[in-house]
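This structure is a prediction, so every number in the text was calculated from the model and none was measured.
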Amino acid sequence: MQYFFHFLAGDVRLDDDFGLQHGGISAARAEAIHAARDMVVDALRRNEMAPADGVIEISDERGRLVAQVSLTEAVFGAPPETRYRRVFDTAPQGYLLLAPDLTIVDANRAYLRATMTELSAIERRRVFDAFPEKPDDPERSGVRNLSASFEFVLRHKVEHAVPVQRFDIRRPDGTWEERHWKPVNMPILDANGEVEFILQQVEDVTAACLRERTRVD
């Protein structure tokens, strides 16, 4: 498998257009750790500080992000919160983290890619303010159905799966794109057993829905 190693630090991004062959993600990540350590050592030799936010991202042949290694992690190891953040951010499923008042707390990269958004544009906003329904759709039901699911999770403190739901996404240019989703809403409880967050996992099933519609028509 061909893996590509991209370096990011602040506004700087250096992309790898050639890549290297590795037997799997573990081997590619080991290569990234080795490269990150070399970068830190080289910076120290020049009496410079390695960028604290420096990170090597690893993508596969399809351009998917499969792992990332920070320079500080390569030298000092990753604290638990960093490891958990990496798992969340690189998971192939889309995840959205909400406060109980349905304010957006966080979203991982898969979710942001699927919804064509940036975290800075949606965090600290109410979820249906950040993602409104298409206004001229007479059959829209996304807000109603998802609101009912969130209410169920908050009241019963258990997971709730929503049937496949059409909820179109507004593109950055203001036009709308038809989308169908398979959402699951899960409560994250605090030490007192109260809902501290709602974690939404979403799967974009638009392609399958459109194929089924074409077959039926």
Review point. Is any side-chain heavy atom of Cys209 closer than 4.5 Å to a side-chain heavy atom of Val164?
Key: yes
Point to revise | Gap separating the CD1 atom of Ile122 from the OG1 atom of Thr117, nearest 0.5 angstrom | key: 4.0 Å
Practice item. Going by the side-chain contact (heavy atoms from CB on, under 4.5 Å) test, name the single residue among Ile104, Thr103, Ile188 that passes it with Leu97. Key: Ile188
Review point. Hey, are Asp16 and His6 close enough side-chain-wise for a donor-acceptor pair under 3.5 Å?
Key: no
Check your understanding: Would Leu96 and Val127 satisfy side chain to side chain contact (heavy atoms under 4.5 Å, CB included), going step by step from the backbone distance to the final call?
Key -> CA-CA 10 Å; Leu96 179 70; Val127 64; 3.9 Å; yes
Point to revise | Donor-acceptor under 3.5 Å (Asn108 side chain, Gln93 main chain) | key: yes
Review point. Does the side chain of Leu14 reach to within under 4.5 Å of the side chain of Val12, using non-hydrogen atoms?
Key: yes
**Study point:** Atom of Ala110, atom of Pro92 and distance for their closest heavy-atom approach
**Key:** CB-O, 3.5 Å
Check your understanding: Are Asp129 and Arg125 close enough for a salt bridge, meaning some N to O gap below 4.0 Å?
Key -> no
Check your understanding: Can a salt bridge be assigned to the pair Arg109 and Glu57 using a cut-off of 4.0 Å between side-chain N and carboxylate O?
Key -> yes
Practice item. Might you confirm whether atom CG of Asp11 has over 12 heavy atoms from other residues, nucleotides or ligands at distances under 6.0 Å? Key: no
Check your understanding: Do Ile198 and Leu102 come close enough that some side-chain heavy atom pair is under 4.5 Å?
Key -> yes
Practice item. To the nearest 0.5 Å, tell me how far Ser149 OG sits from Asn185 CG. Key: 3.5 Å
Exercise for review: Answer with yes or no whether the side chains of Arg179 and Gln165 bring together a donor and an acceptor at under 3.5 Å.
Suggested key: no
**Study point:** Of all pairs that satisfy ring-ring contact (aromatic ring centres under 6.0 Å, His included), the ones with a partner from residues 158-214, not counting sequence neighbours
**Key:** Phe152-His160
Point to revise | More than 12 heavy atoms from other groups under 6.0 Å of NE2 on His34 | key: no
Practice item. Please check if any side-chain donor atom of Gln2 sits under 3.5 Å from a side-chain acceptor atom of Gln21, or the reverse. Key: yes
Revision key, fill the gap. Interatomic distance, CZ@Arg13 vs CG@Asp15, rounded to 0.5 Å, equals 4.0 Å
Check your understanding: Measuring from Asp53:CG to Leu71:CG, what's the distance to the nearest 0.5 Å?
Key -> 8.5 Å
Point to revise | Ile58 CD1 to Gln68 CD distance, which is reported to the nearest 0.5 Å | key: 9.0 Å
Exercise for review: Start with the C-alpha distance between Ile25 and Tyr3, add both sets of side-chain angles, then the distance that settles side chain to side chain contact (heavy atoms under 4.5 Å, CB included), and finish with yes or no.
Suggested key: CA-CA 8 Å; Ile25 295 175; Tyr3 292 94; 3.7 Å; yes
Review point. Should Gln200 and Tyr111 count as side-chain neighbours, where that means a heavy-atom distance under 4.5 Å?
Key: yes
Exercise for review: Measure the shortest side-chain to side-chain distance between Ser59 and Val66 over non-hydrogen atoms and say whether it is less than 4.5 angstrom.
Suggested key: no
Study note, to complete from the structure: Interatomic distance, CZ@Arg64 vs OG1@Thr90, rounded to 0.5 Å, equals 12.0 Å
Point to revise | Asp168 bridged to Arg170 by N-O distance under 4.0 Å | key: no
Point to revise | Under-4.0 Å salt bridge between Glu178 and Lys134 | key: no
Practice item. Taking the side chain as every heavy atom from C-beta outward, state whether Phe128 and Phe150 have any pair of such atoms under 4.5 Å apart. Key: yes
